[in-house]
Peer 1: 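I'd like to ask some things about the structure below.
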There are 2 protein chains.
Amino acid sequence: MTIDHDGDTPVYRQIAAIIAERIESGDLQPRRRIPSESDLVQEYGVARETARRAVAYLREQGLVYTVPQRGTFVKPSEGDVE
Amino acid sequence: MTIDHDGDTPVYRQIAAIIAERIESGDLQPRRRIPSESDLVQEYGVARETARRAVAYLREQGLVYTVPQRGTFVKPSEGDVE
DNA sequence: TTTCATTTGTCCGTATGTATT
DNA sequence: AAATACATACGGACAAATGAA
């Protein structure tokens, strides 16, 4: 997966889409931590704000949840055990 | 040496320049520890991130090396004895 | 052995200024 | 004007290793 800096889709949404795909494919498991903002900065060569936006977008979509000072994690599905 | 918070040169580079000057003048000797991040925070009244950036900048310039949980030290010159 | 302070590593939250589109 | 992106700077918190007491 590569980032298109010139296309119509904002970079942060492209990154969010990649992570969302990893969640849906099971590559990123429920309650497991997703890559940190710094990881995303490194991996995709973007600014931290862009990485933060990508994570914020996933949060808005209800795919992940963030624990301050801990990280961002994949939300468990509805029927999952507590 | 005072920090100019409003000038063109970023604060972290000003601090890096001060330390670089201390190294070149011999005030900070090879293999000796440079001031810790906390020291720089105290001394120049900056955030830790800014202090960390200054050190990172010196590292990129090859002037110092960092040992985790130990500190950052002045790099010995080429011809120095091991 | 245990405790404690120090130090760097790694997180996250926020803000401002600038540039580009 | 507004959205996107980058650079800089400040703040707080916890983790982990080291070394000294």
Side-chain angles (χ1 to χ4, degrees), chain A residues 1-20 22-23 28-75, chain B residues 1-20 22-23 28-75:
Chain A
M1 285 298 230
T2 313
I3 300 301
D4 175 16
H5 285 265
D6 303 314
D8 286 1
T9 310
V11 172
Y12 78 91
R13 281 201 215 167
Q14 293 181 49
I15 294 175
I18 292 171
I19 297 173
R22 291 184 60 189
I23 291 173
L28 292 172
Q29 292 285 315
R31 298 178 192 284
R32 292 300 305 271
R33 206 163 69 74
I34 72 170
S36 71
E37 293 171 358
S38 296
D39 290 338
L40 299 178
V41 167
Q42 289 273 324
E43 194 164 351
Y44 299 108
V46 296
R48 191 182 158 202
E49 183 182 306
T50 304
R52 285 175 53 72
R53 281 199 192 214
V55 174
Y57 192 68
L58 292 167
R59 207 158 40 224
E60 286 160 19
Q61 292 185 310
L63 287 177
V64 301
Y65 61 97
T66 296
V67 181
Q69 275 75 53
R70 290 283 299 119
T72 297
F73 306 83
V74 177
K75 252 195 192 169
Chain B
M1 284 299 230
T2 314
I3 300 300
D4 174 15
H5 285 264
D6 303 314
D8 284 1
T9 309
V11 173
Y12 78 90
R13 281 201 216 165
Q14 294 180 50
I15 294 175
I18 292 171
I19 297 173
R22 291 184 61 190
I23 291 174
L28 292 171
Q29 291 286 316
R31 298 176 192 286
R32 292 299 307 270
R33 206 164 69 76
I34 71 170
S36 72
E37 293 168 0
S38 296
D39 290 339
L40 298 178
V41 166
Q42 290 272 324
E43 194 165 352
Y44 299 108
V46 296
R48 193 186 159 201
E49 180 184 304
T50 304
R52 283 178 62 73
R53 277 203 194 213
V55 174
Y57 192 68
L58 292 167
R59 209 158 37 225
E60 286 162 18
Q61 293 187 308
L63 288 177
V64 301
Y65 61 98
T66 296
V67 181
Q69 276 71 56
R70 289 286 299 122
T72 297
F73 306 82
V74 178
K75 253 195 191 170

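Here is how names work: the chains are called A, B, and so on, in the same order as the sequence lines, proteins then strands, and each is numbered from 1.
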Peer 1: So, is B:S36 close to the C:dT6 phosphate, meaning a side-chain N or O under 4.0 Å from OP1 or OP2?
Peer 2: no
Peer 1: What closest approach, in Å, do B:A51 and B:V46 show between heavy atoms, and which atom pair accounts for it?
Peer 2: N-CG2, 4.3 Å
Peer 1: Before you tell me yes or no, could you show the steps for B:V11 and B:H5 under side chain to side chain contact (heavy atoms under 4.5 Å, CB included), namely the whole-Å CA-CA distance, both residues' side-chain angles and the distance that decides it to 0.1 Å?
Peer 2: CA-CA 6 Å; B:V11 173; B:H5 285 264; 3.9 Å; yes
Peer 1: Ignoring backbone atoms, test whether B:T50 places a side-chain nitrogen or oxygen under 4.0 Å from the OP1 or OP2 oxygen of D:dC10.
Peer 2: yes
Peer 1: Considering all heavy atoms of both residues, which atom of A:A16 and which atom of A:L58 are nearest to each other, and what is their separation?
Peer 2: O-CD2, 3.4 Å
Peer 1: How about B:I3 and B:I18: do any of their side-chain heavy atoms sit closer than 4.5 Å?
Peer 2: yes
Peer 1: Searching all strands shown, indicate the nucleotide that pairs with D:dA1 (Watson-Crick or G-U wobble; both distances under 3.5 Å).
Peer 2: none
Peer 1: Please enumerate all protein N or O atoms sitting under 3.5 Å from an N or O of nucleotides 2-4 of chain C, with distances to 0.1 Å.
Peer 2:
none

Peer 1: Expressed as a whole number of angstroms, how long is the span from A:R52:CZ to C:dA15:C1'?
Peer 2: 11 Å
Peer 1: What integer distance in Å separates A:F73:CZ from C:dC11:C1'?
Peer 2: 10 Å
Peer 1: To the nearest Å, how far apart are B:I3 CD1 and D:dT8 C1'?
Peer 2: 14 Å
Peer 1: For DNA chain D, determine which residues of residues 40-49 of chain B have any heavy atom closer than 4.0 angstrom to one of its atoms, and list them numerically.
Peer 2: B:V46, B:A47, B:R48, B:E49
Peer 1: Return no unless some side-chain N or O of A:Y12 is found under 4.0 Å from OP1 or OP2 of D:dA5.
Peer 2: no
Peer 1: Could you tell me the separation between the CD atom of B:E37 and the P atom of D:dC10, rounded to a whole number of Å?
Peer 2: 14 Å
Peer 1: May I ask you to list the residues of residues 57-72 of chain B, by number, that have any heavy atom positioned under 4.0 Å from an atom of DNA chain D?
Peer 2: B:Q69, B:R70
Peer 1: So, OP1 or OP2 of D:dA5: does either fall under 4.0 Å of a side-chain N or O from A:R53?
Peer 2: no
Peer 1: Using a 4.0 Å heavy-atom cut-off, does B:V55 contact any base of the nucleic acid, only the sugar-phosphate backbone, or nothing at all?
Peer 2: nothing
Peer 1: Can a side chain N or O of B:H5 be found less than 4.0 Å away from OP1 or OP2 on D:dT8?
Peer 2: no
